[in-house]
Amino acid sequence: MDIPLSTIAVVGLGTMGTGISEVLARAGREVIGIDIDEIATAQAVAALEASTARAVERGRVTEEERRGMLARFRTFTDLQAAADADLVIEVVPESYEIKQQVFRALDGIVGPGTILATGTNALSVTRLAADSAHPERVLGMHFFNPAPAMKLVEVVSSVLTAPTAVTAVTALARELGKEPVAVGDRPGFVADGLLFGYLNQAAAMYEAKYASREDIDAAMRLGCGLPMGPLALLDLIGVDTARTVLEAMYAASRDRLHAPAPILRQLSEAGLTGRKSGRGFYTYEAPGSGTVVRDALTTLDEGRGGESGRPAVRSVGVAGSGTMASGIAEVFAKAGYVVVLAARSQEKADAAKARIAKSLGRSVDKGRLTGEARDDALARISPAGSLDAFDDVDLAVEAVAEDLEVKRQLFTALDKVCKPGAVLATTTSSLPVVACARATTRPRDVIGMHFFNPAPAMKLVEVVRTVLTSDEAHATVREVCATIRKHPVDCGDRAGFIVNALLFPYLNNAVKMVQEHYATLDDIDAAMKLGGGYPMGPFELLDVVGLDVSLAIEKVLHREFRDPGLAPAPLLEHLVAAGCLGRKTGRGFREYTARR
C-alpha cells in the first residue's frame, strides 16, 4: 500500500536542512521548515529566495515556478507545526540527547501514520527508534551536502523499521531526482563509513609530518581524480563533525583506523573547526569562507628544493618496455628531452617506441598535438637493447617489474653504467626506495619518482626521498617535474607513499563491507560516486587496477604498519587465488564480456 508523502516537515534549518527543504519544494512538496531559532528560519527563507532567483536567471525555472516553490515553503519555530506532516526529516545537531528529545516530542504531535526520518550520518538509527513510541516508523534518510546538487540518499532501516516506510521513502527519493541506496544501521553507513576512515588516515599522516597538507591534498586530487583533498574536505565538513562521526564508528568497530587522530581533538577543542570558524587545517579569509589564505604553515614551492647545483638535465634514460616505461618516455620526449629507451632486447625496445608512436598519433587525431610535434618527439627517442646506452644520461628512470630483487639488480647495473652525478630514479609504488639505493655505491643520487598510469595524462609525481638522498638530487628531480609539467609532491620512503597509503585501505574496507553482506557492489560503487564525488566506485577501480596488484599493495601496507585494520580482506585473497584478477582476466568483482 502506497503512503502519500505530500506534506513534509524538516526540523533543523541549518545548511543541510535548508538544502533538503529546497529539494522538496522544487519537487512540488509542501514543506514545513522548523527551527527554534528565528534567525535560522529567516536565513533559510533568504537562502531559498536567492537560490531560486539564480535558477530563474539561468533559465532553469520560470518566475511562476519560483513563486510556487517559495509559497510551498513555510517556516515555524514550534514542533507543533509538524502535526499534519506525512513525513518528518530531522537534521538537528549530531547528539543522541537532542535527537531523542525531538523524536519524543514528535510522538505526541504527529499522526500514527507519519514516518519519522533522521538525517544522522553517525548515530545509531536503531537506538533512536527504540526510544520512540512507534519504532517501526523510524528510519534514516541521509542526504549529502549540498543537498540540491548531490544525488545520493542513503535509506537506512533498523531491525525495527516497517518495510512500508522504507518503500515510501525510497520512492520519494527517486521522485526528488535522487539515487536511493538501501543500507543497514551502522555508523557512517556506506559512503561516510568508507570516507571518514580515509579522512582520518590523512589527518594522521599530516600530524606525523610525513607530508605537508598541500601535498597530501594535491596527491589525492591529482592521483585519484577526487574533487577535493582530504584535509580541505575535513575543513568543509567540520573538524568537530568528523571527530563525532569517527568516535561513533570506533565505538562500534574498535578498528584503530577509525580511532580519531589526536589532531582532530586538538583542533576541535581549540575551536579550529574548519571553514565555519575560519580556520582548521587551513586558514580562511573569514568564517564561512572557502577562500584559503596564506598562514605560517603555507608551503612555498620556490623554497622546496632550491637550485640543484648540478648541470641541467638534458638527456634521460628510461629502463623498461611496458606501458609505464613507454608512457614516461613519451612524457620526457614531448618536453624536449633526449630519451634513451632501454629494454632487455632491441626488439622489445623497438616495440615500446612503436607503442609511443601510436599514442602520439592518437594525440594528433584528437587535436592535442601537431604532426610536427609528434615527429620531433619520436625523433628524440632512441630505443636500445642494453643499459649500456645510459652511459651519458643525466637522469635514469627505471620502470621495470615491481620486484625488489629485479630492481636491485637493475640499480647495480645503473651504478656501473651511468656517469658520476647522474640521478637514478625508481618508479616503484610500494617497495622501499632505500633498498634500491643501497644496491649502488652512490645512494645520495637515488630517489623515487612515482608516476601514475597513464603517465602522459596523469599530472602527479610522488618525489620520494630516502634518508640518504642528497638535496641536490631532490632539487634536480623537482626541476625536471616542472619542465615536464607534472605536479611533484614530497614524501618520505615508506610503504604506499601518500596516494596508495590512503587509497588502498579505503578499497580494502569496501571489500570488507561486501564480505560482511552489509551492502552490494553496485550500491557501494554508486554511494562513493554520488556521495563522495569519486570518479569510479571502489569495485570498478579494483577491477581496473587488478586484484593481484591491489592485494600485493595491501600486503605491503600491512607488513609495514602492522595494523590489524590493514590486513587484506579474505574475499580479496580468495578472488586472487581463484585467478579472478579483474578486467585483465575477464572476471574480478564483476564479470566482463571479454578480456581487456
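This structure is a prediction, so every number in the text was calculated from the model and none was measured.
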Between atom [atom1] of [X] and atom [atom2] of [Y], what is the distance when rounded to the nearest 0.5 Å?
X	Y	atom1	atom2	result
Asn121	Thr241	CG	OG1	8.0 Å
Arg60	Ser51	CZ	OG	11.0 Å
Gln100	Leu128	CD	CG	6.0 Å
Glu30	Ile8	CD	CD1	10.0 Å
Leu502	Cys224	CG	SG	8.0 Å
Ile109	Asp78	CD1	CG	7.0 Å

Nearest heavy-atom pair of [X] and [Y]: which atoms, and what distance?
X	Y	result
Val183	Glu154	CG2-CB, 4.2 Å
Pro505	Asn500	CD-O, 3.7 Å
Pro187	Ala252	CG-CB, 3.6 Å
Ile34	Ala9	CD1-CB, 4.4 Å
Ala25	Val31	N-CG2, 3.6 Å
Tyr592	Gly588	CE1-N, 4.4 Å

Should the pair Arg186 and Tyr518 be classed as cation-pi, given the thresholds of under 6.0 Å to the six-membered ring centre and 45° from the axis?
yes
Does Arg127 count as lying over the ring of Tyr96, i.e. NZ or CZ under 6.0 Å from the six-ring centre, within 45 degrees of the axis?
yes
Pair [X] + [Y], salt bridge at N-O below 4.0 Å:
X	Y	value
Asp548	Lys584	yes
Glu179	Arg174	no
Lys512	Glu516	no
Arg67	Glu64	no
Arg29	Glu175	yes
Asp295	Arg213	yes

Neighbour count above 12 (heavy atom, 6.0 Å) for Ile36 CD1
no
Have Thr161 and Ser158 got a donor and an acceptor in their side chains that come within less than 3.5 Å?
yes
Quiz question: by atom type and distance under 3.5 Å, do the side chains of Asp86 and Ser6 form a donor-acceptor pair?
yes
Only one of Arg590, Lys529, Arg583 forms a side-chain hydrogen bond (donor to acceptor under 3.5 Å, both in side chains) with Glu540, so which one is it?
Lys529
With ring pair (Phe, Tyr, Trp, His ring centres under 6.0 Å) as the test, would you mind laying out the steps for Tyr506 and Phe196 before giving the verdict?
CA-CA 9 Å; Tyr506 148 78; Phe196 278 86; over 10 Å; no
Just to verify, which of Thr273, Thr244, Val239, Asp240 counts as forming a side chain to side chain contact (heavy atoms under 4.5 Å, CB included) with Leu264?
Val239
